[in-house]
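The structure under discussion appears below in the form of structure tokens.
Chain letters run A, B, ... following the sequence lines, proteins first and then strands; every chain starts at 1.
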Protein chains: 2
Amino acid sequence: MTERNVISLDKIKVACRDCSLSALCLPMGLRPEDVDRLDAIVKRNRPLQRGDNLFRAGEPFRHLFVVKTGAVKTFTQTNDGDEQVVGFHLPGEVLGLDAIQDGLHGCSARALETTAICELPFERLEDLSSNIPSLQHQMFRLLSKEISHDAEMMALLGRSTAEERVASFLISLSERFKRRGFSATDFFLSMSRQEIGSYLGLALETVSRLFTRFQDDKILKVERKHVQIIDMERLRAMVTHQTDAERHRANPST
Amino acid sequence: MTERNVISLDKIKVACRDCSLSALCLPMGLRPEDVDRLDAIVKRNRPLQRGDNLFRAGEPFRHLFVVKTGAVKTFTQTNDGDEQVVGFHLPGEVLGLDAIQDGLHGCSARALETTAICELPFERLEDLSSNIPSLQHQMFRLLSKEISHDAEMMALLGRSTAEERVASFLISLSERFKRRGFSATDFFLSMSRQEIGSYLGLALETVSRLFTRFQDDKILKVERKHVQIIDMERLRAMVTHQTDAERHRANPST
DNA sequence: CGGAGATATTGATCGAGGTCAAAAAACTTC
DNA sequence: GAAGTTTTTTGACCTCGATCAATATCTCCG
């Protein structure tokens, strides 16, 4: 199960022991020789604390952000005041891609826990990518990946039952943790039931009930925010909607 | 209410009376001097008939597609066999952006009516955009626009009532028609109730009921697939979730 | 430590919208 | 234009999950 989007991951890991750069390399899949040039433009910020905003909807867009450690949620406000979570961003993942189009952030981003972030000045990234074809290519891939992820999410929200949504959510987290070298079956949820519910289009009570039901069914072990996946097979079996792309990725021989 | 993404639209319209190229210019917002270079790589296909596939999920990705006339739906299959619509694509809109990441189409695309399409060989587009910074910039914008559209859609599917979803859908169609120079208040739906329902995460019966209710309330005039929006204000009032970006676009002075 | 304010669980109730069913309207094809 | 197919409308019923409410647990801080 190698990460398709990463070119010679081992070399990169060696080339940039600084975790901020490996956080960059992972999503971008850069070649080592390109990393040095990227390195020059990366800003490193002090960590955000839980509740700190990284940016707010409507603010001008200057930087792409890469999560180094911690977790971030992105959300919009509804007219009647409360917030709607549109994404969770784990280490190695990129934020701000929706803001390129018109130079304004379309959603707000807030740290869910103590979080370290890399800033990439977008203008300079654009300049660089004109000169480094592989960087341009990776930028296109990055944006495209976000689009297919969103399409999967839309498909999930469009049809599924609560059970299926929560199962999908856990599987998605599991795969994302695995990809970054964390445990795929034993992890902490840095977001509240409320936030999970908002993201999945469910009431927080429904999320809670499903967690306990999954626990009763010996599929999970849940203790507050600590989740262990006991029976991944049955969790996967709950998800009816697997895109052809996913099928292909799971079994590339087909 | 000028289209922010288009640079000197009038000039482009004059420069390329061939509708295929204006279809390209609109989403990309290219400068006239770039159009000639694009022109060279555009393939023009014979029209698709209703039901024809443009591509299927899992097929290798070679081209971006731009709808010239007609309409296309994109959809995925669920494991239990039936299809899930993930998007509708009207004249001037681009398809295939989700496939850049891994070179495989993640969904299938099928014509909803007689449809003319432009093909853009993606490799050559990538090459060109290395040499034309403004093209690279527009490509980024195009991808980013898709991402923010998807985020809005996710927000819609995540929270809204059936009423709000159908209202949003009609408003979205209206704005997209308007942008391309068609009537914003009087148009045909080339998709079935079934397909609308699938897209909005609703049963087809629910869509039908809402259409008749809107008609009874003097908000719409619906006759089969022909829709007239009578009271846009009340339609808009139904939508609680307006992103800050949308608010800003509607009233840029803020 | 103990009290205050989040956050999570669990129960009870209710309604929006899904499902099933049947009829009506529109489109096809010969 | 008749017969068959597909799409849409409308009605009746029921279920899943939202909402309301009460309690339990955690976390933070003086």
Q. Between B:Phe61 and B:His105, what is the ring plane arrangement, given parallel below 30°, perpendicular above 60°, and tilted in between?
A. perpendicular
Q: Quick one: sort the A:Phe65 and A:Phe55 rings into parallel, tilted or perpendicular, breaks at 30° and 60°.
A: parallel
Within this structure, what is the [atom1]-to-[atom2] distance between [X] and [N], rounded to whole angstrom?
{"X": "A:Leu210", "N": "C:dG11", "atom1": "CG", "atom2": "P", "result": "14 Å"}
{"X": "B:Leu189", "N": "D:dT7", "atom1": "CG", "atom2": "P", "result": "15 Å"}
{"X": "A:Leu112", "N": "C:dT7", "atom1": "CG", "atom2": "C1'", "result": "14 Å"}
{"X": "B:Arg159", "N": "C:dA16", "atom1": "CZ", "atom2": "P", "result": "16 Å"}
{"X": "B:Arg50", "N": "D:dT5", "atom1": "CZ", "atom2": "C1'", "result": "13 Å"}
{"X": "B:Phe188", "N": "C:dC27", "atom1": "CZ", "atom2": "P", "result": "10 Å"}
{"X": "A:Arg193", "N": "C:dA8", "atom1": "CZ", "atom2": "P", "result": "5 Å"}
{"X": "B:Glu223", "N": "D:dT7", "atom1": "CD", "atom2": "C1'", "result": "15 Å"}

Are [X] and [Y] within salt-bridge range, i.e. N to O under 4.0 Å?
{"X": "A:Glu93", "Y": "A:Lys68", "answer": "no"}
{"X": "B:Glu195", "Y": "B:Arg110", "answer": "no"}
{"X": "A:Glu175", "Y": "A:Arg236", "answer": "yes"}
{"X": "B:Asp82", "Y": "A:Arg159", "answer": "yes"}

Q. Can a donor-acceptor pair be found between the side chains of B:Gln84 and B:Thr76 at a distance below 3.5 Å?
A. no
(Q) Distance alone, cut at 3.5 Å: any donor-acceptor contact between the side chains of A:Gln49 and A:Thr114? (A) yes
Q) A:Arg213 near the nucleic acid: base, sugar-phosphate alone, or nothing, with a heavy-atom cut-off under 4.0 Å? A) nothing
Q.
With each end axis built from five pairs of C1' atoms, what bend angle do you get for the helix from C:dC1-D:dG30 to C:dC30-D:dG1? Round to 10°.
A. 50°
Q: Choose from C:dA26, C:dT10, C:dT7 the nucleotide whose nearest atom is closest to any side-chain atom of B:Arg224.
A: C:dA26
Q: Report the nucleotide, chosen from D:dT10, D:dT7, C:dT7, that has the shortest atom-to-atom distance to any side-chain atom of A:Lys225.
A: C:dT7
Can you name the atoms? Protein N/O to nucleotides 15-18 of chain D N/O, anything below 3.5 Å, with the distance.
{"unit_1": "D:dG17", "atom_1": "OP1", "unit_2": "A:Ala162", "atom_2": "N", "d": "2.5"}
{"unit_1": "D:dA18", "atom_1": "OP1", "unit_2": "A:Gly201", "atom_2": "O", "d": "3.4"}
{"unit_1": "D:dA18", "atom_1": "OP1", "unit_2": "A:Ala203", "atom_2": "N", "d": "3.4"}
{"unit_1": "D:dA18", "atom_1": "OP2", "unit_2": "A:Ala203", "atom_2": "N", "d": "3.1"}
{"unit_1": "D:dA18", "atom_1": "OP2", "unit_2": "A:Thr206", "atom_2": "OG1", "d": "2.3"}

**Q.** Phosphate OP1/OP2 of D:dT7: any B:Ser208 side-chain N/O under 4.0 Å
**A.** no
Q: Report yes or no: does A:Ser144 contribute a side-chain atom to a donor-acceptor pair with the main-chain N or O of B:Asp98 at less than 3.5 Å?
A: yes
